[in-house]
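Shown next, in structure tokens, is the structure this report addresses.
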Amino acid sequence: MATMTVIPKKKTKKVPAKGMMDNVMQQFSIAADYIDLHPNIRKILSITNNEIIVNFPVKMDNGEVEIFTGYRVQHNNALGPYKGGLRYHPTVDIDAARALAMWMTWKTSLAGLPYGGGKGGIQLDPSKYSKGELERITRRFTFALADNIGPEHDIPAPDVNTNSQTMAWIADTYMSMRPPAERTANQHVVTGKPEGSGGLEGRDRATGYGVFLNIKFWSEKNNQSIKDKKFIVQGFGNVGFWAAHFLEKEGAKMAAVQDAFGSIENQNGITVEDLFNYSKANNGSIVDFPEAETLDSKHFFATDCDICIPAALGNQITKDNAATIKATLIAEGANGPTNVEGEQILLKRNIAIIPDILCNSGGVVGSYFEWLQNRNGELWQFDEVIAKLDKKMKESFNKVFEYAQREGLDMRTAAYCIAIQRIEKAYIQRGIFP
Ligand code: NAD
């Protein structure tokens with residue numbers, strides 16, 4: 001009989017997520033104080049409903065077995081099933097999953113969707129694994145989560161280092177675990193699937209397009225034009241690329257980009273499509289792109305520009321760099337990119353921030369459309385998706401902008417107030433069981 005060796009997680013070094021939970025709790029407290037949130041509901045929303053941690057073995061290409069740790073945190077489901085992405089990254093831990101799940105609760109509530117908030121992922125660096133290993137890791141993680149996810153219970157989606165392929169593996173594994181008569185009826189267990197497997201046309205660009213729309217709406221309210229504006233993007237993945245693509249189409253110039261490998265700058269403009277093709281051929285890295293100069297990553301946020309789009313990880317704009325930021329508008333593509341201390345510095349400097357729970361909500365709105373499409377057995381057309389997305393994003397932006405103006409608040413606090421009040425109302429109407 002062949003012997004099986006079990007080895008500990010050797011490949012992924014744990015990197016702490018640096019207090020994302022502190023950040024989301026501080027943001028929540030500021031808004032909860034402002035609206036004088038009912039103390040019982042404050043207690044409920046300050047904690048997560050369920051936290052699932054799974055350790056599971058996966059056979060590697062070399063025959064050895066590696067143990068992985070996966071997380072799924074379900075923060076709140078007062079408004080509907082838990083909804084939120086799965087991230088594959090060394091910073092994924094319980095603190096990050098809790099914080100990201102909470103942000104999803106505020107985001108889905110603000111967008112007026114029938115969802116709550118959840119988030120999870122696996123602590124690993126996917127660049128160190130083959131496609132076959134990633135498939136087995138994803139399928140085994142889905143199996144380990146088992147009945148903790150489901151199309152009417154908790155619906156994952158892509159996030160950092162996961163994509164439509166990851167979602168297809170999850171859907172296939174989940175459906176394979178159902179009784180035969182229920183299999184296809186469970187396709188909406190995840191959103192962000194490939195178009196050939198129940199995915200929604202346009203879901204790929206929904207988050208970045210939503211970031212662009214928010215910048216456009218903000219510019220219109222401030223009598224500004226996007227044309228000839230210079231922008232910088234941190235993270236040139238799904239969100240960063242699509243946001244840059246639509247801004248460039250509207251006449252703006254991409255002056256600098258940072259990814260996990262390095263930073264580049266060209267004040268005359270970096271062509272978005274060229275950089276995308278270059279990075280695709282360069283293992284996903286923008287480094288040494290021939291049409292730009294190398295930029296010291298430490299000074300990335302101090303680069304000359306009008307608009308800054310953090311579209312990578314959390315806690316990137318802090319007291320250490322907020323004072324040197326040149327942009328007059330920060331559009332948060334990422335979740336939690338600005339911490340409270342950094343934000344206070346920015347607000348004192350009159351730098352506007354379109355907060356994550358509004359700015360990047362195009363993704364979850366697109367996911368909601370995909371979920372409806374699958375649930376109703378429909379196939380939506382691209383133009384229809386974009387028209388519905390435009391409408392929903394405009395409603396959310398106007399709601400937040402008007403609340404902020406009326407109350408004299410920054411846009412983040414306004415967005416939180418609206419989101420929390422919707423959940424508070426649901427709890428007050430239904431009461432607390434028993
Ligand atoms: P992605 O994996 O497609 O891309 C991530 C990008 O960030 C890559 O270019 C990567 O190189 C870069 N990056 C990673 N670590 C970095 C670091 N330390 N410094 C600079 N760059 C770094 O991920 P994505 O889906 O584009 O997600 C980006 C952000 O947007 C995340 O915060 C995610 O939670 C948020 N978001 C994503 C969606 C979605 O639909 N994908 C929706 C809402 C919010």
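For the numbers below, each heavy atom of this structure counts, side chains included, while hydrogens, waters and symmetry mates do not. Remember, it's 1-based here, ligands and their atoms both numbered in the order they're listed. What you are looking at is a predicted structure, and each value in this text was computed from that prediction instead of being measured.
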Exercise. Taking side chain as C-beta onward, heavy atoms only, is Val190 less than 4.5 Å from Tyr174?
Worked result: no

For this session: Answer yes if the ring centres of Tyr82 and His75 are under 6.0 angstrom apart, and no otherwise.
Result: no

For this session: Run the numbers on Gln381 and Val385 for side-chain contact (heavy atoms from CB on, under 4.5 Å), then give the verdict.
Result: CA-CA 6 Å; Gln381 303 296 308; Val385 171; over 6 Å; no

For this session: Identify whether the distance between the nearest side-chain nitrogen and carboxylate oxygen of Arg412 and Glu332 falls below 4.0 Å.
Result: yes

Problem set entry | Aromatic ring pairing Tyr416/Trp106, orientation class (parallel under 30°, perpendicular over 60°, tilted between) | tilted

Seminar exercise, completed: At a 4.0 angstrom heavy-atom cut-off, ligand 1 is contacted by Arg87, Lys107, Pro158, Asp159, Val160, Asn161, Arg203, Thr207, Gln234, Gly235, Phe236, Gly237, Asn238, Val239, Gln258, Asp259, Ala260, Ala311, Ala312, Leu313, Gly333, Ala334, Asn335, Asn360

Problem set entry | Centroid separation Trp218 to Phe401 less than 6.0 Å | no

